[in-house]
Amino acid sequence: MAGITAEAAINAALLGSSGIVLMAVGSQRGGGGETTPTQSSGRGSGSNRGEGPWRARDDIDGHAAGKELRFPHSRHTVSGSGTGTAKAKNSVIMRGQEGEVARDIEGIAAGRAEWSKSLSRYRINGRTYGIEESGTVFPDSGPHIVNLNRVEYGALREVVRARGDISAAPRLTRDPKFVENPEAIEKALKIYNGIIP
């Protein structure tokens, strides 16, 4: 584990038995964890990306028809998860893939996506999306979209708030739901560092 810093070793010690795993994950950062991720307005507008909303054709199948489609709420991005609410099921777009998602939404609006009535989902480029009544799109599954349970999303929120520094996230070492689920912290660190878990 060449390249492990003293700080990383201290962080690992703080986490006890899960520390070695997390130390190894931390060593895979490659400097990527310090990059400031793309910010989102939290309104689901996509306007900070210079794109959207996307007006969907009236004649397409499914819930998008005729709606103004908006980029997913910021809670579905890595940076936005720092202020997001953990739900029973959560999905997060891996950092750097926001542009691909924007192009998928454009494709949905243009009628290029496959609509699954049984799932109430659009499929395009291997990814699936749902549409809220308001027109805000939410990612469901597929390449560069990660699904998390409530504890995993909560761990990601703590990691993002601490900018990847476990020693600055005391809840991860004290809150029983994290202490008893070290794999959730490992998954959160991977996502933060741009590694698909």
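Below, each value reflects all heavy atoms present in this structure, side chains not excepted, and no hydrogens, waters or symmetry copies. Values in this document were obtained by computation on a predicted structure and should not be read as measured data. In what follows, residues are counted from 1 in the order of the sequence shown.
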**Q** Any side-chain heavy atom of Val92 within less than 4.5 Å of one from Ile145?
**A**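 Answer no - side chains too far apart.
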**Q** Kindly give the heavy-atom pair with the smallest separation between Val146 and Leu148, and that separation in Å.
**A**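 That would be O-CD1, 3.5 Å.
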**Q** Flag the pair Asn90 / Asn147 as yes when at least one side-chain heavy-atom distance between them is below 4.5 Å, and no otherwise.
**A**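 In short, these two side chains do not touch, never coming nearer than 4.5 Å.
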**Q** Nearest 0.5 Å, what's the CD-CG distance between Glu106 and Leu69?
**A**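 Answer for the CD-CG pair, Glu106 versus Leu69, is 11.0 Å.
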**Q** Answer yes or no: is there a donor N or O on one side and an acceptor on the other, between the side chain of Arg161 and the main chain of Gly82, under 3.5 Å?
**A**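 Yes, Arg161 side chain to Gly82 backbone: donor-acceptor pair under 3.5 Å.
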**Q** Looking at Asn181 and Lys177, would you say the former's side chain and the latter's main chain have a donor-acceptor pair under 3.5 Å?
**A**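 Between the backbone of Lys177 and the side chain of Asn181 there is a qualifying donor-acceptor contact (under 3.5 Å).
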**Q** Are side-chain heavy atoms of Glu114 and Ile124 found at a separation under 4.5 Å?
**A**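 Heavy-atom side-chain distance check fails, nothing below 4.5 Å.
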**Q** Could you measure the distance from the CD atom of Glu100 to the CD1 atom of Ile105? Nearest 0.5 Å is fine.
**A**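 Result: 12.0 Å between the selected atoms.
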**Q** Kindly compute the distance separating OG (Ser167) from CG (Leu172), expressed to the nearest 0.5 Å.
**A**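 Those atoms lie 10.5 Å apart.
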**Q** Let me know which of Arg70, His63, Arg121 forms a side chain to side chain contact (heavy atoms under 4.5 Å, CB included) with Ile131.
**A**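 Exactly one pass, corresponding to His63.
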**Q** Is there a salt bridge (charged side-chain N to carboxylate O under 4.0 Å, His left out) between Arg57 and Asp59? Walk through the geometry before answering.
**A** CA-CA 6 Å; Arg57 287 172 27 189; Asp59 61 347; 2.8 Å; yes
**Q** Side chains of Arg103 and Asn125: any donor to acceptor distance under 3.5 Å?
**A**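 Note: Asn125 and Arg103 side chains miss the donor-acceptor criterion.
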**Q** Keeping the roles fixed (side chain from Arg157, backbone from Thr83), state whether a donor-acceptor pair exists under 3.5 Å.
**A**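 Pair absent, no side-chain N/O of Arg157 close to backbone of Thr83.
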**Q** Which atom pair, heavy atoms only, marks the closest approach of Val160 to Tyr192?
**A**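 That closest heavy-atom pairing would be CG2-CD1, 3.9 Å.
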**Q** Are any of the side-chain heavy atoms of Tyr129 and Asp140 separated by less than 4.5 Å?
**A**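 With C-beta onward as the side chain, the pair stays apart.
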**Q** What distance separates Leu189 CG from Ile185 CD1, expressed to the nearest 0.5 Å?
**A**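 So the gap between those two atoms works out to 7.5 Å.
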**Q** Kindly indicate whether the side chain of Phe71, heavy atoms from C-beta on, has any atom under 4.5 Å from the side chain of Val101.
**A**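 Yes, close enough: below the 4.5 Å cut-off.
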**Q** Could you tell me which non-hydrogen atom of Ile60 sits nearest to which non-hydrogen atom of Gly111, and how far apart they are?
**A**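 So the minimum-distance heavy-atom pair works out to CG2-CA, 3.5 Å.
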**Q** Under 3.5 Å, side chain of Thr128 to main-chain N/O of Ser141, donor-acceptor pair present?
**A**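 Flag set: sc Thr128 to bb Ser141 pair under 3.5 Å.
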**Q** Would you say the side chain of Pro143 lies within less than 4.5 Å of the side chain of Arg127, judging by non-hydrogen atoms?
**A**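 They are in side-chain contact.
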**Q** Within the structure provided, determine whether Glu133 and Lys67 are in side-chain contact (heavy-atom separation under 4.5 Å).
**A**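 A side-chain contact exists here, since the closest heavy-atom pair is under 4.5 Å.
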**Q** Less than 4.5 Å apart, any side-chain heavy atom of Arg123 and any of Trp115?
**A**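 Sidechains of Trp115 and Arg123: no contact.
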**Q** Report the distance from atom OG1 of Thr136 to atom NE2 of His73, rounding to the nearest 0.5 Å.
**A**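 Atom-to-atom, Thr136:OG1 and His73:NE2 are 8.5 Å apart.
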**Q** Would a distance-only check, ignoring hydrogens and angles, find a side-chain to backbone donor-acceptor pair under 3.5 Å from Tyr122 to Arg112?
**A**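 Side chain of Tyr122 to backbone of Arg112, a donor-acceptor pair under 3.5 Å: no, none is there.
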**Q** Checking salt bridge (charged side-chain N to carboxylate O under 4.0 Å, His left out) for the pair Glu152/Lys187: CA distance, chi angles, key distance, verdict?
**A** CA-CA 7 Å; Glu152 292 166 343; Lys187 184 174 182 177; 3.2 Å; yes
**Q** Using every non-hydrogen atom in the two residues, find where His76 and Phe138 come nearest and quote the distance to one decimal.
**A**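 Between these two residues, the closest heavy atoms are NE2-CB, 3.8 Å.
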**Q** Could you measure the distance from the NE2 atom of His144 to the CD atom of Glu98? Nearest 0.5 Å is fine.
**A**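 His144 atom NE2 to Glu98 atom CD measures 11.0 Å (nearest 0.5 Å).
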